[in-house]
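What follows is one structure encoded as structure tokens, with my remarks underneath.
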There are 2 protein chains.
Amino acid sequence: MAAATNSTRQNIRQTAERLFRDRGYAATGMRELAKEVGIEAPSIYNHYKSKDDLLREICIDIAGQFFKAFEAIDKNEKSPTKKLRSAIKGHIAVIGNNLEASSVFFHEWMFLEEPHLTKFKKMRFEYEQNFRDIIDKGIKKGELRNINTKLVTFTIFSALNATYDLYLYKSKEKISKDEIADGMADLLLKGLKN
Amino acid sequence: MAAATNSTRQNIRQTAERLFRDRGYAATGMRELAKEVGIEAPSIYNHYKSKDDLLREICIDIAGQFFKAFEAIDKNEKSPTKKLRSAIKGHIAVIGNNLEASSVFFHEWMFLEEPHLTKFKKMRFEYEQNFRDIIDKGIKKGELRNINTKLVTFTIFSALNATYDLYLYKSKEKISKDEIADGMADLLLKGLKN
DNA sequence: TTGCGAAACAAACAAGTGTTAGTTAAGCAT
DNA sequence: ATGCTTAACTAACACTTGTTTGTTTCGCAA
């Protein structure tokens with residue numbers, strides 16, 4: 001029995017996010033997914049066209065959230081440094097609010113079928129370009145020291161995109177969402193500043 | 001034993017590294033692997049006990065390289081800051097010299113079967129603990145500013161462990177191994193210093 | 001030359017893959 | 001009550017999965 005508040009579709013979606021994250025997309029079977037939802041495998045196809053369709057919905061949804069968060073930040077005119085800090089924190093917040101889905105987004109996008117795969121790559125490049133632009137402007141204005149923009153953008157995203165993993169620590173010293181966002185933004189910006 | 005068999009064995013190993021990286025462990029079939037090597041699938045079992053055996057060999061080999069690189073650095077007594085810089089550069093060097101295998105190491109280890117999975121996790125924790133210890137000592141000595149060690153270690157490894165991806169850029173602005181190692185070490189250490 | 005071990009092969013196995021077909025039961029508007 | 005829609009089910013299809021078996025081929029040591 002599913003909880004009354006959750007529709008079967010939502011249930012499938014959430015379970016898929018969890019299984020795709022824990023076992024990987026390719027290693028997760030439709031029967032396994034169905035079993036965890038509490039239905040039979042073919043019933044999934046009443047809600048989703050295919051396995052790929054599920055993955056697509058998860059990935060596209062997260063991509064949309066990243067764009068939306070950035071746009072909200074980009075509108076407020078600020079210095080590149082402040083803008084970058086906000087963008088970093090916004091990015092981490094999206095991950096923090098979608099722990100399972102964002103992990104799937106980062107690790108399983110490669111299994112998207114065309115044409116979605118190409119579209120996905122394009123969207124990601126565009127998004128990262130936004131960060132690159134801010135950094136370039138920061139260097140031009142002298143707020144940031146002059147280092148390889150590509151390497152820096154890469155380093156930033158590598159650190160940010162792994163934060164979902166930080167929440168999995170079950171040890172006593174648990175780090176809060178704000179600690180993660182602030183601490184990481186501080187560390188990276190201090191490394192960048194002139 | 002026989003030297004002649006090594007060629008095929010090495011061939012299987014290298015091809016597996018490439019395929020596991022490009023398509024993922026679970027999504028790579030033994031027939032597909034065999035085809036790229038130029039043999040039939042059952043012939044692989046003359047050289048490897050199982051698919052998991054292949055993955056294990058790849059992962060354990062890389063783990064050993066990380067440990068070896070660190071030990072060589074740890075012996076020379078240096079300040080925590082200098083030691084951390086060397087360890088970072090050593091870590092990146094191992095990745096740079098094993099692009100495909102290290103990518104498999106980072107992304108596909110979850111498919112290891114027991115007891116290798118448990119052993120793997122333990123080794124990784126030990127290795128990361130080495131870095132944590134250096135950072136703690138650096139804070140104690142006042143060389144590094146006092147920030148959450150866990151968050152810092154996490155951020156460092158997230159950045160380092162993604163560097164294999166940097167080499168895949170085919171664009172004009174290619175970054176050299178030294179640029180990556182020095183640039184990333186500078187960025188991270190500047191963010192950490194007091 | 002004989003014999004042995006290494007390494008290749010084709011054929012097959014049991015289990016599992018995503019997905020479709022056909023059917024049935026329940027809820028709802030007319 | 002009737003018909004329509006939704007969503008569940010069982011059964012099955014057409015492949016693919018990792019792996020085993022049994023056999024053959026080949027190069028080398030005795």
Side-chain angles (χ1 to χ4, degrees), chain A residues 1-59 104 108-117, chain B residues 1-59 104 108-117:
Chain A
M1 279 287 185
T5 56
N6 274 0
S7 72
T8 302
R9 199 188 139 94
Q10 281 176 333
N11 224 311
I12 294 170
R13 162 80 178 269
Q14 283 166 16
T15 309
E17 290 176 0
R18 181 167 51 83
L19 290 185
F20 288 173
R21 179 193 65 173
D22 290 345
R23 297 164 214 213
Y25 175 77
T28 303
M30 295 299 268
R31 285 166 184 82
E32 197 181 3
L33 170 58
K35 193 169 193 177
E36 298 249 344
V37 175
I39 56 177
E40 295 297 320
S43 301
I44 296 175
Y45 292 83
N46 287 325
H47 305 275
Y48 288 93
K49 221 171 68 226
S50 63
K51 193 186 178 188
D52 178 71
D53 192 33
L54 249 168
L55 179 62
R56 208 194 74 250
E57 187 177 289
I58 294 168
C59 290
V104 173
E108 314 297 333
W109 60 266
M110 58 182 343
F111 295 106
L112 283 170
E113 292 168 13
E114 296 293 3
H116 311 298
L117 180 59
Chain B
M1 184 139 159
T5 68
N6 261 356
S7 152
T8 302
R9 204 188 133 91
Q10 281 177 338
N11 220 313
I12 293 169
R13 161 81 177 270
Q14 283 167 15
T15 310
E17 290 176 1
R18 181 167 51 84
L19 290 184
F20 289 173
R21 179 193 65 175
D22 290 345
R23 298 164 214 214
Y25 175 78
T28 302
M30 295 300 267
R31 286 164 183 83
E32 196 182 4
L33 169 57
K35 194 168 193 178
E36 298 247 345
V37 175
I39 57 177
E40 294 297 318
S43 301
I44 296 175
Y45 292 83
N46 287 324
H47 305 274
Y48 287 93
K49 223 172 67 224
S50 62
K51 192 186 179 188
D52 178 69
D53 192 33
L54 249 168
L55 179 64
R56 209 194 74 250
E57 187 176 290
I58 295 168
C59 289
V104 172
E108 314 297 331
W109 60 266
M110 55 175 355
F111 295 106
L112 284 170
E113 292 167 13
E114 294 295 2
H116 312 297
L117 179 60

Compute both the distance and the angle, then confirm whether A:Lys51 meets the cation-pi test with A:Tyr25: under 6.0 Å from the six-membered ring centre, within 45 degrees of the axis. yes
From CG of A:Asp52 across to P of C:dT17 the rounded distance in Å is 17 Å
CE (A:Met30) and CD1 (A:Ile12) are apart, to the nearest 0.5 Å, by 8.0 Å
Whole-Å distance, A:Ile44 CD1 to C:dT17 P, equals 12 Å
Do NZ/NE/NH1/NH2 and the carboxylate oxygens of A:Glu113 and A:Lys49 come within less than 4.0 Å? no
CG (A:Leu55) and CG (A:Leu112) are apart, to the nearest 0.5 Å, by 4.5 Å
Carboxylate-amine/guanidinium proximity below 4.0 Å for A:Arg21 and A:Glu17: no
Students should find that the nucleotides of DNA chain D closing off the region near chain A, any atom under 4.0 angstrom from a heavy atom, are D:dA7 to D:dA12
Between NZ of B:Lys51 and P of C:dG16 the distance, given in whole Å, is 15 Å
Residues of residues 25-34 of chain B with a heavy atom under 4.0 Å from any atom of DNA chain C, listed by number, are B:Arg31
To the nearest 0.5 Å, atom CG of A:Leu33 lies from atom CD1 of A:Ile44 at 4.0 Å
Between A:Arg9 and A:His47, is there a donor-acceptor pair closer than 3.5 Å when you use the side chain of the first and the backbone of the second?
-> yes
Quiz prompt | Heavy-atom donor-acceptor pair, B:Asn46 side-chain to C:dA8 base, under 3.5 Å | solution = yes
Quick check on C:dA8: is either OP1 or OP2 less than 4.0 Å from any side-chain nitrogen or oxygen of B:His47? yes
Between the OG atom in A:Ser7 and the CZ atom in A:Arg13, the distance rounded to the nearest 0.5 Å is 10.5 Å
When rounded to the nearest 0.5 Å, the distance separating CZ of B:Phe111 from CG of B:Leu117 is 11.0 Å
Rounded to whole Å, CZ of A:Arg23 lies from P of C:dG16 at a distance of 14 Å
Rounded to whole Å, OH of A:Tyr48 lies from P of C:dT20 at a distance of 17 Å
Taken to the nearest whole Å, CD/A:Glu40 to P/C:dA25 is 16 Å
Here the distance between atom C1' of C:dG18 and atom CG of A:Leu54, to the nearest Å, is 12 Å
